[in-house]
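Remarks on the structure that follows.
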Amino acid sequence: MRLQLGPGSESVVEPLRDSITAALSALDGVESVSVSVTTPQASASSSGLRMAGQTPSAAAAGGADPGLLPGVKHVIAVASGKGGVGKSTVAVNLAVSLARSGRRVGLLDADIYGPSIPLMMGVDERPRLDESGNRLIPFERHGVRMMSLGFLVEKDSAVIWRGPMVMKALDQLLRDVVWGELDVLVVDMPPGTGDAQLTMSQRVQLAGAVIVTTPQDVALADAVKGVAMFRKVDVPLLGLVENMSYFACPGCGERSDIFGHGGGKDAARRLGIPFLGEVPLHPAIRDSGDRGEPVAAAQPEGPQGQAFNRVAHEVWNSLDGDGGSVFDRFRKKFGR
Ligand SMILES: Nc1ncnc2c1ncn2[C@@H]1O[C@H](COP(=O)(O)OP(=O)(O)O)[C@@H](O)[C@H]1O
Ligand SMILES: [Mg+2]
């Protein structure tokens, strides 16, 4: 649905959108509702919601809200076409590695349907509110500030949420958390190419996306879909990380390429995006994640920690230190 309001009606945009969304969502057979409200001053949707079928380009729609995350230099999305490829593992260890190298880092769990940051970062508490009573104070662990919907809702209760609720929840995690000054905010995205991806790319000026994949062909095909989605919404692709790239035997230390070798690198080349590195399949990575002590914090100098450090280094290098434009980064990278 699309509404055009007259001049001076800005203050009613949000309540109007909310009540229309609520009323339509309550109808039988309605799966998802998108209400785009425009006023003459702001021709784009101030709610960040958009009709299905419109070209979802944040820049074109003006949906990115420059007032969101004012102290954050770079927001990067860690994404994958499908679940279980180690997206959260990469997001968490990337955040910890970046923090250990002296950056001010935040970690936002945008995987509304399956938040795993609380477990992986070892926090099982309710967040506190700031003095205003309106905003949540992020937790700080392993040098990383973090927030997850997992801290706020009962386990598994978000699984049945519809699109507009997902968007609203994400919007609040961006707006109503005291993120403060950060060099990088790492966002752990849910798998796939749905509402959450759209919301993030519309609401926030993303510095780029890191695509996580595993070497199997199926996962790579999913990575291709993820890449295509970010291209469509004009989000720069920082590159591809191949997780569970090879098996590192915990006993003898020997490496075996159980899925063949070089698939991720080839895929990155075919897709025309940088290859950010490979992470081995190793029990220490899973164990440390389950214990809330990411391997990048528990064994930063070990081979697994180093694998994440290399990825973090590549990711940081692909960002412009001052939060410059894509064009600046291109010039920096290619010397033009
Ligand atoms: N490189 C790895 N080595 C061993 N286990 C891993 C590795 N990467 C991920 N895992 C494990 O695989 C499972 C899925 O990873 P997760 O990061 O939750 O995936 P996603 O976020 O993509 O769904 C978790 O139990 C995690 O500990
Ligand atoms: Mg996950």
Side-chain angles (χ1 to χ4, degrees), residues 74-80 83-111 114-125 127 138-151 155 173 177 179 182-191 209-214 238-248 250 253 264 276-317 319:
H74 308 280
V75 184
I76 57 180
V78 178
S80 69
V85 298
K87 191 168 18 64
S88 301
T89 303
V90 169
V92 161
N93 284 287
L94 171 63
V96 170
S97 286
L98 286 168
R100 287 185 55 88
S101 66
R103 321 288 170 209
R104 295 165 302 173
V105 183
L107 179 60
L108 168 60
D109 191 352
D111 195 343
S116 39
I117 298 300
L119 174 73
M120 289 186 175
M121 291 293 272
V123 178
D124 183 16
E125 294 166 48
F139 291 106
E140 186 149 352
R141 282 291 189 288
H142 312 297
V144 173
R145 276 177 228 164
M146 63 182 158
M147 189 48 71
S148 164
L149 202 73
F151 296 131
K155 245 189 171 162
L173 289 177
V177 172
W179 288 109
L182 295 176
D183 294 310
V184 189
L185 178 64
V186 177
V187 184
D188 181 17
M189 303 290 281
V210 171
I211 306 288
V212 181
T213 182
T214 59
L238 301 180
L240 191 79
V241 175
E242 187 178 68
N243 186 33
M244 311 193 204
S245 185
Y246 53 91
F247 179 63
L276 297 169
E278 46 188 34
V279 175
L281 176 66
H282 193 282
I285 295 180
R286 186 187 49 77
D287 287 347
S288 59
D290 290 350
R291 270 188 293 114
E293 285 275 326
V295 79
Q299 300 159 31
E301 304 307 330
Q304 288 76 43
Q306 290 291 350
F308 286 114
N309 290 342
R310 281 193 290 275
V311 170
H313 185 75
E314 289 295 319
V315 168
W316 180 255
N317 278 347
L319 299 170

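Atoms considered below: every heavy atom in the structure, side chains included; atoms not considered: hydrogens, waters and symmetry mates. This one's a predicted model, so the numbers in the text were calculated from it and none came from an experiment.
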statement: Residues at least two apart in sequence or cross-chain that pass salt bridge (charged side-chain N to carboxylate O under 4.0 Å, His left out) with Glu293, listed by chain then number, are none
query: Can you tell me if His142 uses its side chain to pair, donor with acceptor, with the backbone of Arg100 under 3.5 Å?
result: no
query: So, the side chain of Trp179 versus the backbone of Arg145: is there a donor-acceptor pair under 3.5 Å, distance only?
result: no
- line: With sequence neighbours left out, the residues meeting side chain to side chain donor-acceptor pair (under 3.5 Å) with Ser97 are Asn309
message: According to side chain to side chain donor-acceptor pair (under 3.5 Å), who are the partners of Asp188, at least two apart in sequence or on a separate chain?
response: Ser88
For residues 282-290, dump all side-chain donor-acceptor pairs below 3.5 Å to protein atoms at least two apart in sequence or in another chain.
residue, atom, partner, partner atom, Å
His282, ND1, Ala284, N, 2.9
Arg286, NH1, Asp290, OD2, 3.1
Ser288, OG, Ala284, O, 2.7
Ser288, OG, Ile285, O, 3.1
Ser288, OG, Val295, N, 3.2

field: Interatomic distance, His74 atom NE2 to Trp316 atom CH2 [nearest 0.5 angstrom]
entry: 4.5 Å
field: Distance (rounded to the nearest 0.5 Å) between Ser80 OG and Ile211 CD1
entry: 8.0 Å
field: Gap separating the CE atom of Met146 from the CE atom of Met120, nearest 0.5 angstrom
entry: 12.5 Å
- prompt: Which heavy atom in Leu98 sits nearest to a heavy atom in Val186, and how many Å separate them?
  reply: CD1-CG2, 4.4 Å
message: If I compare all heavy atoms of Glu125 with all of Phe151, which pair ends up nearest, and what's the gap?
response: O-CD2, 3.5 Å
message: Main chain of Arg104, side chain of Asp183: is a donor-acceptor contact present, judged purely on distance under 3.5 Å?
response: yes
Between CG on residue Leu238 and CG on residue Leu319, distance to nearest 0.5 Å: 5.5 Å
- request: Evaluate the criterion side chain to side chain contact (heavy atoms under 4.5 Å, CB included) for residue pair Ile76 and Leu94; output intermediate values, then yes/no.
  value: CA-CA 11 Å; Ile76 57 180; Leu94 171 63; 4.2 Å; yes
query: Which heavy atom in Glu242 sits nearest to a heavy atom in Gly264, and how many Å separate them?
result: OE2-N, 2.7 Å
- request: Decide side chain to side chain contact (heavy atoms under 4.5 Å, CB included) for Val85 and Thr213; before the verdict, give the C-alpha distance in whole Å, the side-chain angles of both, and the deciding distance to 0.1 Å.
  value: CA-CA 6 Å; Val85 298; Thr213 182; 5.7 Å; no
- prompt: Taking Asp109 for the side chain and Ser116 for the main chain, is one N or O donor matched with an acceptor at less than 3.5 Å?
  reply: yes
- prompt: What are the two closest heavy atoms between Pro294 and Val92, and how far apart are they?
  reply: CG-CG1, 3.3 Å
Residues that Arg291 engages under side chain to side chain donor-acceptor pair (under 3.5 Å), provided they are two or more places apart: none
message: Minimum heavy-atom separation for Asp111 and Pro191, please, with both atom names.
response: OD2-CD, 3.8 Å
Considering all heavy atoms, the nearest Met121-Leu107 contact: CG-CD2, 4.1 Å
message: Quick one, Phe139 and Val144 - any side-chain contact, counting heavy atoms below 4.5 Å?
response: no
- prompt: How about Ser148 and Leu173: do any of their side-chain heavy atoms sit closer than 4.5 Å?
  reply: no
task: Applying side chain to side chain contact (heavy atoms under 4.5 Å, CB included), name anything that partners Ala110, two or more places apart in sequence or on another chain.
output: Leu170, Val187, Met189, Pro190
task: Hey, could you give me the CE/OG1 distance between Met244 and Thr89, rounded to the nearest 0.5 Å?
output: 6.5 Å
